[in-house]
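Computed from a predicted structure; not experimentally measured.
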Amino acid sequence: MTKFVYLFKEGDQSMKNLLGGKGANLAEMTKLGLPVPQGFTVSTEACVQYYKDGRKMNDVVIEQIYEALAETEKEAGKKFGDNENPFLVSVRSGSRASMPGMMDTILNLGLNDVAVEALAKATNNPRFAYDSYRRFITMFADVVMDIPKHNFEVIFDAKKEELNIHEDTHLSADDLKAIVAGFKARYLELKGEAFPQDPKLQLVAAVEAVFKSWDNPRANVYRRLNNIPYEWGTAVNVQGMVFGNMGEDSGTGVAFTRDPSTGKNELYGEYLFNAQGEDVVAGIRTPKPISELQSDNPALYNEFKAFASKLENHYKDMQDMEFTIEKGKLYMLQTRNGKRTAQAALKIAIDMVEEGLLTEKEAVLKVDPAQLDALLHPQFEPVSLKNAPVIAKGLNASPGAATGRVVFSAERAGEMVKDGKPVILVRQETSPEDIEGMVVASGILTSRGGMTSHAAVVARGMGRCCVAGAGSVKVNEAKKYFEIDGKKYHEGDYISLDGSTGYVYGGEVKTMDATVSGDFAKLMAWADKFRSLKVRTNADNPRDAKTAYDFGAEGIGLCRTEHMFFEGDRIKAMREMIVSKTLEERQKALGKLLPMQREDFVGLYEEMQGYPVTIRYLDPPLHEFLPTEEEDIKDLAKEMGISFDELKATVDSLHETNPMLGHRGVRLSITYPEIAKMQTRAVIEAAIIVNKKGMKVVPEIMIPLVGEVKELKYLKDIVVAVADEIIKEAGVDLEYSVGTMIEIPRAAILADEIAVEAEFFSFGTNDLTQMTFGFSRDDAGKFLADYYDKKIFANDPFAHVDVKGVGKLMELAVKGGQATRPNIKLGICGEHGGDPASVDFCHNVGLDYVSCSPFRVPIARLAAAHANIKNPR
Ligand code: PEP
Ligand code: MG
């Protein structure tokens with residue numbers, strides 16, 4: 001029989017896939033001899049089984065839960081629902097990857113009308129017992145029974161108001177008893193049945209609720225964002241309760257072994273006396289910094305510090321821990337590798353090497369490539385910032401600068417960003433329901449909660465700028481405004497946030513590009529030592545080429561020449577060329593394009609300082625360039641000396657039903673070889689100019705959209721003839737190569753034939769994905785959401801290489817190419833070239849380089865290092 005349930009003492013760190021991160025770490029802490037309240041983990045396989053059984057709790061799983069419960073009860077010397085010494089547990093989710101805030105926790109499970117009295121007697125603390133019971137009812141109703149918390153909060157608040165009490169801790173046992181009675185009545189009223197009194201049934205229902213929550217919309221959004229497969233399922237941890245709310249000698253807290261915002265090597269966290277976990281995390285009460293525990297209770301502080309460093313040394317990583325103090329005794333409830341800002345990640349990795357805890361290779365693996373994005377995010381322009389009024393100050397929860405229009409709900413945020421302008425999500429505090437809004441917002445501002453509140457933790461993980469706990473900001477979510485010192489800001493008003501300082505500014509503050517620190521350069525230098533994939537950039541102008549070079553690009557993998565003609569007057573010459581009806585007309589237009597093109601190539605070669613530069617020949621889907629506005633047609637007709645009607649008729653005749661599959665790529669030059677001739681002239685002449693200055697450029701001429709070797713041969717012959725003639729005439733030596741993109745499935749299948757002509761392949765995975773799936777790359781976004789909702793796709797194949805299908809074609813093409821030409825150079829220049837998961841695939845399939853947009857170059861460098869460390873070649 002499959003074993004679905006494991007006692008903590010039966011597991012260890014290596015069983016993460018089965019026990020989830022939290023479960024494996026609870027088992028490991030138990031093994032390390034730390035004071036962990038004992039319990040058991042219902043495995044991820046049980047969750048998978050739950051969905052296999054059609055969302056039904058399996059009898060075998062239930063039976064094993066009861067067995068593990070009996071064992072745990074025995075060890076604790078307490079019994080579920082007992083009228084003398086009742087056993088209570090917490091129930092928490094825990095998948096393989098940590099998903100902060102995505103799954104809900106239930107504390108104090110096991111309480112019922114009998115157990116609460118017994119607990120009151122056993123602890124001689126009826127106040128504590130009824131406080132625990134009212135918390136449990138709220139959580140159970142909310143998480144398991146879908147009865148929102150506010151149904152109970154109103155009862156709680158009404159009681160406080162009736163008694164004129166402001167602090168929860170001032171409510172007496174009798175007050176809480178009355179509140180519990182009110183809660184139960186409300187539960188009965190809303191649910192049509194009494195609050196469940198059988199703890200075993202409570203437990204099974206809670207485990208089931210955790211399983212169900214694996215499939216709630218916010219979990220699905222988080223998973224897609226973080227590339228976590230749906231198939232993994234979540235484990236459930238059932239742990240004996242210890243109580244932080246048993247009086248002033250009890251408490252609870254969360255702490256990191258190092259500062260998660262800066263990386264500074266000092267204990268960082270918050271705690272509260274006489275409280276339970278959710279008080280700290282939800283920001284209901286304002287916690288104290290952990291450093292104060294040192295003066296409040298030095299012995300406990302030292303004990304905790306020793307546990308913290310033991311865990312950090314053991315896991316060789318910064319830890320995020322939860323602890324509870326029950327009547328002066330310290331318990332460790334959880335540990336995991338802590339989420340951190342990108343700056344902190346770099347500092348911690350580098351410090352740990354200097355401290356001798358990590359090797360350089362291990363340190364490189366500690367920094368998540370995707371996270372580097374946050375380092376490259378904009379900052380405020382100093383001049384613009386000088387004139388900006390500070391309207392509030394909160395915690396510097398997640399760095400970066402953001403400016404945008406105020407919005408108060410996730411839903412409205414999604415609607416407002418459709419106009420392309422940024423928004424700032426403002427909330428009292430965030431909860432997992434806000435995740436979609438946090439994704440689309442440029443920044444997040446909350447009025448409540450600390451550095452470990454939901455907003456802070458989630459924003460840091462996403463690399464989103466966040467100012468949390470700005471207490472002076474009075475948020476009225478329902479009426480869509482917030483107020484500071486009597487001044488109101490409404491939906492749509494601009495504000496700006498500095499997530500690195502915690503300042504909130506009124507109005508729009510201009511932002512500027514990021515500058516990277518010395519830690520960044522150091523870690524990237526280590527990464528470069530361990531990678532074998534080269535990283536190039538996609539750049540169509542010298543400015544982008546320079547940015548990329550500064551970020552460490554080792555060449556240009558794709559210059560989309562048609563993009564050189566978008567700006568200013570250039571588009572006119574390009575349009576003239578497209579609508580030309582005769583060879584003469586076209587040659588006249590090409591004559592205008594040639595010097596611009598040559599000049600741009602000189603700029604690109606110079607910025608790349610001798611690194612290879614791949615020039616992709618014109619590939620304009622015609623619809624992107626044809627004039628559509630009457631004004632533009634008039635202008636162009638005048639320029640060409642023809643009538644409006646004549647040009648309009650030409651434009652109409654060029655209209656294509658399916659431009660992505662139309663007259664583009666190599667097809668265009670097959671019809672009009674003079675285009676390729678002009679481009680060859682520009683490529684070669686520019687290279688000669690630059691080489692004369694002492695640089696050695698080897699241009700790579702890339703023909704797009706080839707599906708048949710004869711297409712390539714036809715064009716290559718023309719290119720080579722023109723190039724060789726220019727070189728001969730100039731009397732110089734110049735090397736160049738001619739290759740092709742692999743972006744049509746037929747080219748991948750027949751790669752061995754294509755390689756007879758092609759000296760290199762570059763995978764154009766944008767088109768290859770489009771044509772392999774038959775999804776229009778311009779329109780797929782509209783329906784892919786339905787694919788995610790219906791679990792047909794886990795994520796966007798235009799963002800992450802579809803390893804199964806597109807990847808198989810790539811593998812085939814690599815093998816075919818190498819069979820014909822063993823040293824064929826292989827690269828990728830589709831958008832996937834900057835996506836860490838796709839970089840990993842490119843490494844494993846044996847490419848020589850990836851090419852991506854300039855700002856993703858560092859991400860690709862680090863991802864390439866990760867790939868080679870994990871799977872050296
Ligand atoms: C591609 O198709 O992947 C590619 C890089 O070319 P483009 O995006 O310009 O079609
Ligand atoms: Mg393409």
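A distance of 8.0 Å separates CE in M318 from CG in D259, rounded to the nearest 0.5 Å. Taking CD of E45 as the reference point, atom CG of L18 lies at 5.0 Å (rounded to 0.5 Å). Between atom NZ of residue K200 and atom CG of residue L109 there is a gap of 13.0 Å, rounded to the nearest 0.5 Å. Separation of atoms NZ (K347) and CZ (R340) is listed at 13.0 Å; rounding is to 0.5 Å. Of the inter-residue distances, the one linking Y301 atom OH with S295 atom OG reads 9.5 Å to the nearest 0.5 angstrom.
Between L190 and M145 the shortest side-chain heavy-atom distance does not fall below 4.5 Å. Y268 has its side chain within reach of P260: a pair of non-hydrogen atoms, C-beta onward, lies under 4.5 Å apart. Between V42 and V61, some side-chain heavy-atom pair lies under the 4.5 Å cut-off. In this structure the side chain of M139 never reaches within 4.5 angstrom of the side chain of D142, judged on heavy atoms. Between L69 and F87 there is a side-chain heavy-atom pair separated by less than 4.5 Å. Proximity of T335 to F307: side-chain heavy atoms (C-beta onward) are nowhere separated by under 4.5 Å. The side-chain heavy atoms of D215 and N220, taken from C-beta on, include a pair separated by under 4.5 Å. Counting heavy atoms from C-beta outward, V475 and R427 have side chains that stay 4.5 Å or more apart.
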Would you tabulate the side-chain donor-acceptor contacts of residues 147-154 under 3.5 Å, counting partners in other chains and residues two or more places apart, or write 'none'?
unit_1	atom_1	unit_2	atom_2	d
N151	ND2	P148	O	3.0

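Within the 3.5 Å criterion, the main-chain N or O of M438 finds a donor-acceptor partner in the side chain of R464. A donor-acceptor pair under 3.5 Å is absent between the side-chain atoms of S95 and the main chain of G20, judged by distance alone. When atom types are taken as modelled, the side chain of T430 and the backbone of A455 share a donor-acceptor pair closer than 3.5 angstrom. Checking side-chain atoms of E312 against main-chain N and O of K310 turns up no donor-acceptor pair under 3.5 Å. A donor-acceptor distance shorter than 3.5 angstrom exists from the side chain of Q197 to the backbone of D113, with no hydrogens or angles considered. Listed for the S43 side chain is a donor-acceptor partner under 3.5 Å among the backbone atoms of F4. Using modelled atom types, one side-chain atom of T44 and one backbone atom of N17 make a donor-acceptor pair closer than 3.5 Å. Of the possible donor and acceptor atoms, none in the side chain of N297 sits under 3.5 Å from a partner among the backbone N and O of L293.
Within a 6.0 Å sphere centred on NZ of K366, heavy atoms belonging to other residues, nucleotides or ligands number more than 12. In this structure, K121 places its NZ atom where only 12 or fewer heavy-atom neighbours from other residues, nucleotides or ligands lie under 6.0 Å away. Counted within 6.0 Å of NZ on K3, heavy atoms from surrounding residues, nucleotides or ligands total more than 12; the atom is thus considered enclosed. Counting heavy atoms of neighbouring residues, nucleotides and ligands inside a 6.0 Å radius, atom CD of E84 does not exceed 12 of them. Within a 6.0 Å radius of CD in E248, more than 12 heavy atoms belonging to other residues, nucleotides or ligands are found.
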Working note: Q13 + N25, criterion side-chain hydrogen bond (donor to acceptor under 3.5 Å, both in side chains); need CA distance, chi angles, decisive distance, verdict.
CA-CA 6 Å; Q13 192 183 347; N25 288 341; 5.8 Å; no
Between L333 and V242, does the side chain to side chain contact (heavy atoms under 4.5 Å, CB included) criterion hold? Intermediate values first, please.
CA-CA 9 Å; L333 300 189; V242 283; 3.8 Å; yes
Between F40 and Q64, does a side chain to side chain contact (heavy atoms under 4.5 Å, CB included) hold up when you go through it step by step?
CA-CA 10 Å; F40 53 90; Q64 291 187 16; over 6 Å; no
Checking side chain to side chain contact (heavy atoms under 4.5 Å, CB included) for the pair Q334/R92: CA distance, chi angles, key distance, verdict?
CA-CA 11 Å; Q334 178 182 328; R92 296 162 188 243; 3.2 Å; yes
I would like to know whether L32 and L311 meet side chain to side chain contact (heavy atoms under 4.5 Å, CB included); could you show each step before the answer?
CA-CA 9 Å; L32 288 173; L311 285 170; 4.0 Å; yes
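Between E162 and K159, at least one side-chain N (NZ, or NE/NH1/NH2) sits under 4.0 Å from a carboxylate O, which counts as a salt bridge. Note on D320 versus K339: no salt bridge recorded, every NZ/NE/NH1/NH2 to OD/OE distance being 4.0 Å or above. Salt-bridge formation is not detected for the pair D175/K160: no Lys NZ or Arg NE/NH1/NH2 atom is positioned less than 4.0 Å from an Asp or Glu carboxylate oxygen.
There is a side-chain donor-acceptor pair under 3.5 Å between Y50 and E208. A donor and an acceptor atom, one from each side chain of T324 and T252, are located under 3.5 Å apart. In the model, D12 has a side-chain atom that pairs as donor or acceptor with a side-chain atom of S14 under 3.5 Å.
Each ring-ring contact (aromatic ring centres under 6.0 Å, His included) pair with one or both residues in residues 114-139, not counting sequence neighbours, appears once here: F128-F243, F136-F140, F136-F195.
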